[in-house]
Amino acid sequence: QVQLVESGGGLVQPGGSLRLSCAASGSILSINAMGWYRQAPGKERELVADITSGGSTNYADSVKGRFTISRDNAKNTVYLQMNSLKPEDTAVYYCNVNVRYYTGDIRANDFWGQGTQVSVSS
């Protein structure tokens, strides 16, 4: 089917930067929206940013001006550049991709990455 592999998380000091990547592979025919979500301990998963196939972007108010989402359609990859990180950005970050794929017939579904930990602390 479709696999998502995330990378780029880690520990960073407040004010620092990280870049997350999420690469999709498998029997992919096309990819529609791609996005990043995060879940902090004791909190619900929330949308951080998403991007349509046409490149339109949407951001949570808490990350506007600090985070940038982008995609490379040739590589089936979505990125999240995170600057000016704050302790409240600490969470597990998940990518979510809406994919049209082939598995004997043509289907469309949302897939989730395995999650990558981002920790912001001095």
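Small disclaimer: the values here were computed from a predicted structure and weren't measured. Side chains are part of it too, since the values below use all heavy atoms of this structure and drop only hydrogens, waters and symmetry mates.
- For the residue pair Ser119 / Gln117, a side-chain donor-acceptor distance below 3.5 Å is found, with atom types taken as modelled.
- From Glu88, atom CD reaches atom NZ of Lys43 across 8.5 Å, with rounding to the nearest 0.5 Å.
- By the 4.5 Å heavy-atom criterion applied to side chains, Glu6 and Leu4 are not counted as neighbours.
- Note: Asn58 CG to Asp50 CG = 4.5 Å, rounded to the nearest 0.5 Å.
- Note that OG of Ser122 is 9.5 Å distant from CG of Leu11, once rounded to the nearest 0.5 Å.
- Here the CG-CE distance, from Asp89 to Met82, works out to 7.5 Å after rounding to the nearest 0.5 Å.
- Atoms NZ and OG, on Lys86 and Ser62 in that order, are 8.0 Å from each other to the nearest 0.5 Å.
- Val92 is not connected to Val78 by any chain of hydrophobic side-chain contacts under 4.5 Å among Ile, Leu, Val, Met, Phe, Trp and Tyr, and they are in different clusters.
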Please tabulate, one pair per line, all N/O donor-acceptor pairs under 3.5 Å involving side-chain atoms of residues 12-35, not counting sequence neighbours.
unit_1, atom_1, unit_2, atom_2, d
Ser17, OG, Asn83, OD1, 2.9
Asn32, ND2, Asn98, OD1, 2.7

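- Taking the side chain as every heavy atom from C-beta outward, Asn96 and Phe111 never approach each other to under 4.5 Å.
- The distance from atom OG of Ser56 to atom CD1 of Ile51, rounded to the nearest 0.5 Å, is 8.0 Å.
- Defined by atom type and a distance below 3.5 Å, a donor-acceptor pair is present between the side-chain atoms of Arg38 and Tyr93.
- Residues forming a side chain to side chain contact (heavy atoms under 4.5 Å, CB included) with Ser70 (at least two apart in sequence, or on another chain): Tyr79.
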Q: Just do the side chain to side chain contact (heavy atoms under 4.5 Å, CB included) check on Val48 and Leu80 with the steps written out, would you?
A: CA-CA 9 Å; Val48 176; Leu80 186 68; 4.2 Å; yes
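- No donor-acceptor pair under 3.5 Å is formed between the side chain of Glu44 and the backbone N or O of Gln39.
- The closest donor-acceptor contact from the side chain of Thr103 to the backbone of Asp105 lies at 3.5 Å or more, if one exists at all.
- Checked for salt-bridge contact, Lys64 and Asp61 meet the test: a charged N lies under 4.0 Å from a carboxylate O.
- Here Trp36 and Phe67 keep their ring centres 6.0 angstrom or further from each other.
- With Tyr94 as the aromatic partner, Arg45 meets the cation-pi criteria of under 6.0 angstrom to the ring centre and within 45 degrees of the ring axis.
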Q.
If you apply the rule side chain to side chain contact (heavy atoms under 4.5 Å, CB included), what do you find for Tyr101 with Gln1, and how did you get there?
A. CA-CA 7 Å; Tyr101 61 102; Gln1 290 191 358; 4.3 Å; yes
